[in-house]
Amino acid sequence: SLANSKKLKITEVCARIVKTNETTIVYDALDLAIEVMAADYTIHPEEVKLIHQIVDLLEIEPYEANRIIHKQILNMKKVPKSVDIEGLLKIDPTTSNKKAVSLLSKEWYRWNDAIVDASNEKKRNVAIKMASLVSDIRAIYA
């Protein structure tokens, strides 16, 4: 009801979660936020910005946050329709093409590894879609 009334303050909620000093609760909060973000099988730019804000507010290391984000995407019930790859990787107009290609290459390899390591067809299909989306974006910067 707080969210619907626009009275929910993410900064306050995250501060209370961090105050618990319970790593599990912090990671569960991020898991939930990502799950909500991916519920419609589309990861929008506004949602990506909010996830990055939550990661910062929960004081989660970027590497760990990326691991959690990848895990949640891989666990989606359906193949994602679209994903703001550039937003997830924090590629913006000020990022050089060389750096963007480097980030996108690392991301492609990560998803390619997920294809090989997938424990079932659903996860493999999600990883294939993600690798394809990353490859398409990488072609723009090459």
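Taking Trp111 as the reference, His70 meet the ring pair (Phe, Tyr, Trp, His ring centres under 6.0 Å) condition, with sequence neighbours excluded. Qualifying salt bridge (Lys or Arg N to Asp or Glu O under 4.0 Å) partners for Lys99, counting only residues two or more places apart in sequence or in other chains: none.
No donor-acceptor distance shorter than 3.5 angstrom exists from the side chain of Thr42 to the backbone of His44, with no hydrogens or angles considered. With hydrogens and angles disregarded, no donor-acceptor distance shorter than 3.5 Å links the side chain of Ser135 to the backbone of Ala131. The backbone N or O of Cys14 lies less than 3.5 Å from no partner atom in the side chain of Lys19, so there is not a single donor-acceptor pair. Formation of a donor-acceptor pair under 3.5 Å by the Asp136 side chain with backbone atoms of Ala139 is not found in this model.
You'll find the side chain of Tyr141 reaches within 4.5 Å of the side chain of Leu104, heavy atoms only. Residues Lys129 and Leu133 have side chains in contact (heavy-atom distance under 4.5 Å, counting atoms from C-beta outward). Within the 4.5 Å cutoff, the side chain of Lys123 has heavy atoms near those of the Asn75 side chain. A heavy-atom distance below 4.5 Å is not found between the side chains of Ile43 and Ser82. Between Leu57 and Val18, the closest side-chain pair of non-hydrogen atoms is not below 4.5 Å.
Between Glu64 and Arg67, at least one side-chain N (NZ, or NE/NH1/NH2) sits under 4.0 Å from a carboxylate O, which counts as a salt bridge. Under the 4.0 Å criterion applied to side-chain N and carboxylate O atoms, Lys71 and Asp31 are assigned as salt-bridge partners.
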List the steps, then state whether side chain to side chain contact (heavy atoms under 4.5 Å, CB included) holds for Val36 with Glu47. CA-CA 9 Å; Val36 169; Glu47 293 169 329; over 6 Å; no

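Under the 4.5 angstrom side-chain criterion for Ile, Leu, Val, Met, Phe, Trp and Tyr, the cluster partners of Ile115 are Ile128.
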